[in-house]
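Each chain gets a letter, A, B and so on, in the order the sequences are listed, and its residues count up from 1. Below, each value reflects all heavy atoms present in this structure, side chains not excepted, and no hydrogens, waters or symmetry copies.
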There are 2 protein chains.
Amino acid sequence: MAERTPAQVPGRGRATASMADVARLAGVSSQTVSRVSNGYAGVNEETRQQVLEAMKELGYRPNSAARALKRGEFRTIGVITFTLSTTGNVRTLEAIATSAAAEGYAVTLLPVAVPTTDEVRGAFSRLEELAVDAVIVIMEVHLLDAATVKLPPHVQVVVVDSDAGDHYTVVDTDQAGGTRTAVQHLLELGHRTVWHLGGPEDSFAAQRRADAWRAALTEADRPAPPLVRGDWSAESGYLAGRELAAREECTAVFAANDQMALGLLRALHEAGRRVPEDVSVIGFDDIPESGSFLPPLTTLHQDFAEVGRLCVQAVLRKMRPDGSEHGTTLVPTRLVLRQSTAPPPAER
Amino acid sequence: MAERTPAQVPGRGRATASMADVARLAGVSSQTVSRVSNGYAGVNEETRQQVLEAMKELGYRPNSAARALKRGEFRTIGVITFTLSTTGNVRTLEAIATSAAAEGYAVTLLPVAVPTTDEVRGAFSRLEELAVDAVIVIMEVHLLDAATVKLPPHVQVVVVDSDAGDHYTVVDTDQAGGTRTAVQHLLELGHRTVWHLGGPEDSFAAQRRADAWRAALTEADRPAPPLVRGDWSAESGYLAGRELAAREECTAVFAANDQMALGLLRALHEAGRRVPEDVSVIGFDDIPESGSFLPPLTTLHQDFAEVGRLCVQAVLRKMRPDGSEHGTTLVPTRLVLRQSTAPPPAER
DNA sequence: CACCATGATGTTTACGTAAACATCAGCCAC
DNA sequence: GTGGCTGATGTTTACGTAAACATCATGGTG
């Protein structure tokens with residue numbers, strides 16, 4: 001290579017300094033710069049200092065595109081998720097980003113506006129051209145299957161909020177365990193049975209909670225009342241809650257998330273049924289606001305931070321050559337007792 | 001559910017097919033493959049079909065690292081934000097990701113765990129090595145300044161939740177306008193003055209709302225009661241709310257966000273003061289749950305989607321050679337009337 | 001029919017990095 | 001002193017893509 005002017009683009013400021021620029025200034029070869037840049041041993045201390053000084057002077061930053069090209073990895077994890085409107089997804093995403101950063105990985109976000117097969121397919125096809133080494137999917141796996149996903153063969157996948165541990169690596173909250181705790185808590189207070197304000201049918205988490213609710217009642221030899229459903233939103237909880245409020249015999253409700261529980265509280269309040277004196281309500285999630293509901297909500301705390309952390313662990317483990325098998329990891333929940341549950345009226 | 005082999009196929013030869021592979025199979029030069037891949041005109045239809053077929057057969061995907069290296073751009077925007085615990089940040093982030101995707105840009109997330117200068121500096125230094133063309137910062141700009149930010153010269157920055165339109169390009173909700181609307185609404189209902197449950201001192205948004213509240217009162221020749229502060233959380237709103245609830249003369253409160261308003265509602269409820277009969281409460285944000293509070297909360301709707309969209313627009317505009325000057329873009333708020341405000345007791 | 005414009009395609013090169021290999025001085029053992 | 005070894009550094013090459021330039025038929029024009 002002949003005398004080469006450092007990349008000087010006239011119109012729009014100058015581009016960043018390259019290794020060659022640093023090498024020239026330090027009077028060494030670019031390979032030596034590379035060695036210093038990567039903390040390689042075997043560089044004379046004096047030389048190293050010269051190089052570091054030259055780097056500093058030129059404001060050198062390694063070009064990650066070139067690095068990725070050479071190394072064949074991007075050190076980036078893609079996260080596909082539905083709208084960030086649920087606390088759980090957001091908190092999980094946040095934990096993923098934090099854990100990934102700690103491992104030296106960046107996180108690229110791929111939001112899917114509406115949970116249709118087309119949208120999911122679109123996200124994945126964008127992903128295919130994206131610079132990621134692995135993918136964490138926070139959504140229903142059946143949409144994933146239906147989208148005929150075709151990822152580059154080396155891209156690893158971990159799924160949240162799903163079963164399918166036989167096809168994918170799955171990390172999730174222990175939905176069934178948490179639900180059982182909720183139902184048992186209410187039964188132990190003396191309620192004859194527990195009603196359920198469930199989530200939407202197409203959600204695996206909602207399905208799992210509804211199934212576990214039924215199972216826990218069956219196990220305790222109690223009749224299972226009809227299931228009412230919302231779509232996770234407080235508004236839907238309010239609408240469904242009006243039905244429940246009208247039922248005299250309903251004294252205990254397990255809501256599939258805190259937001260619907262909020263709506264339910266409003267419906268009960270409007271119907272003149274006091275919580276917890278007349279009706280006990282228990283939620284699921286433990287969102288930050290639930291301690292400020294009227295009354296403060298008893299609920300099951302989900303450890304989203306742990307879920308996110310485990311996702312990153314799992315996906316990084318899979319990227320290693322001896323990558324492990326598929327399987328499901330469950331994160332336990334914790335009962336948070338506040339003021340929305342009490343013994344039924346008859347027992348008071 | 002469809003039988004589907006997991007994406008992991010080890011030992012299946014090379015990881016990904018390159019242009020050269022496709023070219024070989026199609027019997028053309030790799031340059032022709034490049035032309036087809038980039039939708040260049042001037043390729044014989046027959047040749048194009050052959051290339052496309054070869055691509056399909058080999059499962060060819062362009063290597064984004066190589067592409068980025070060649071083109072000198074990553075088509076990625078970095079987003080630095082504090083914890084995703086506030087609705088506003090999350091919604092803005094989501095809108096940014098969606099808008100960016102529409103423009104063919106990916107979004108890389110850089111969460112900052114705690115808002116200390118050190119943490120911010122850490123995030124930026126990680127960012128320096130990151131593959132981004134531009135950065136959107138969702139946080140207090142004073143932390144940004146203190147962190148002695150040193151970004152590659154070509155990386156553009158747009159800031160949310162800040163003033164400093166003279167140093168940076170800023171997009172934000174019209175805090176002052178919204179606040180004025182809130183205060184005027186309460187005064188028009190007949191309240192003598194309006195109290196303010198403010199956000200934390202180190203938040204620009206909180207500061208701006210508090211200032212505007214004071215200004216609106218001064219303008220209407222009303223006395224400004226002492227300011228009470230929370231930290232945005234519902235719990236802090238509850239604590240601060242107990243002070244307000246104890247003040248007989250307090251009949252109207254403007255809470256700086258909906259979550260604190262929620263805590264305030266609980267404090268008022270516990271103190272036996274009815275909303276809106278005894279005390280009117282107005283919030284800020286219009287989070288999805290606020291329609292389900294007891295009572296449903298009157299509040300100012302923030303258009304986070306629009307803020308996010310404008311951020312992306314602004315940052316892309318700045319990336320063009322004729323990049324525009326710094327400046328501030330404000331997004332208006334909208335008053336959402338629900339059931340938490342009414343004329344004061346004396347007027348009833 | 002010579003000429004040149006046109007369209008289709010191939011060849012060269014460079015982007016910035018880092019592995020692999022090459023060089024070379026200094027030193028020790030025999 | 002010679003051979004071999006070690007440590008420090010330089011040179012070559014390749015990663016996959018795409019701009020710039022080169023080549024080469026074809027066909028219309030004068």
Novice: In whole Å, what is the span from the CD atom of B/E73 to the P atom of C/dG16?
Specialist: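 My rounded result for the distance is 14 Å.
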
Novice: When rounded to the nearest 0.5 angstrom, what is the spacing between OG in A/S64 and CG in B/L130?
Specialist: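 Output value for this atom pair is 6.5 Å.
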
Novice: Between B/R71 and D/dA18, is there a contact of a side-chain N or O with OP1 or OP2 at under 4.0 Å?
Specialist: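 Yes, within the criterion.
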
Novice: Would you indicate which nucleotide in C/dT17, D/dG16, D/dA18 comes nearest to any side-chain atom of B/L69?
Specialist: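 Nearest listed nucleotide: D/dG16.
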
Novice: Whole-Å distance between C/dG16 P and A/M19 CE?
Specialist: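 Distance check: A/M19 CE to C/dG16 P gives 12 Å.
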
Novice: Under 3.5 Å, is there a donor-acceptor pair linking the side chains of A/S37 and A/R67?
Specialist: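 The criterion, which ignores hydrogens and geometry beyond distance, is satisfied for A/R67 and A/S37.
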
Novice: Filter on salt bridge (Lys or Arg N to Asp or Glu O under 4.0 Å), then keep only pairs touching residues 36-52 of chain B, sequence neighbours left out; what's left?
Specialist: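 Those involving residues 36-52 of chain B do not exist here.
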
Novice: Take atom CG of B/D21 and atom C1' of D/dC15, then tell me their distance rounded to the nearest Å.
Specialist: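 That distance rounds to 13 Å.
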
Novice: Given atom CG of B/N63 and atom P of D/dG16, what is their separation to the nearest angstrom?
Specialist: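 So the CG-P distance, B/N63 to D/dG16, works out to 7 Å.
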
Novice: At under 4.0 Å between heavy atoms, how does the protein contact nucleotides 7-12 of chain D? Give one character per nucleotide, 5' to 3', with B, S or -.
Specialist: -SBBB-

Novice: So which atom in B/V90 and which in A/L84 form the shortest heavy-atom distance, rounded to 0.1 Å?
Specialist: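 Heavy atoms only, the tightest pair is CG1-O, 3.5 Å.
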
Novice: Give a yes or no on whether a salt bridge exists between B/K56 and B/E53, defined as a side-chain N under 4.0 angstrom from a carboxylate O.
Specialist: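 No, this pair does not count.
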
Novice: On a heavy-atom basis, which atom in A/A131 and which in A/T76 lie closest, and how many Å separate them?
Specialist: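 Shortest heavy-atom separation between A/A131 and A/T76 comes out as O-CB, 3.4 Å.
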
Novice: Looking at B/A100 and B/V107, what are the two nearest heavy atoms and their distance?
Specialist: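 Looking at all heavy atoms of both residues, the shortest contact is CB-CG2, 3.7 Å.
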
Novice: Starting at SG of B/C311, measure out to CD1 of B/I138 and round the result to the nearest 0.5 Å.
Specialist: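 Here the interatomic distance stands at 6.5 Å.
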
Novice: Which pair of non-hydrogen atoms, one from B/A17 and one from B/Y60, has the smallest distance, and what is that distance?
Specialist: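 B/A17 and B/Y60 have their closest heavy atoms at O-CD1, 3.3 Å.
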
Novice: Measure CZ/B/R75 against P/D/dA18 and give the value in whole Å, please.
Specialist: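 One finds 12 Å between P of D/dA18 and CZ of B/R75, rounded.
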
Novice: D/dT17 phosphate, OP1 or OP2: any side-chain N/O from B/Y40 under 4.0 angstrom?
Specialist: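 False: B/Y40 side-chain N/O out of range (4.0 Å or more) of D/dT17 OP1/OP2.
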
Novice: Estimate the overall bend of the helix from C/dC1-D/dG30 to C/dC30-D/dG1 from the end axes over five pairs each, rounded to 10 degrees.
Specialist: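 Its terminal axes enclose an angle near 60°.
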
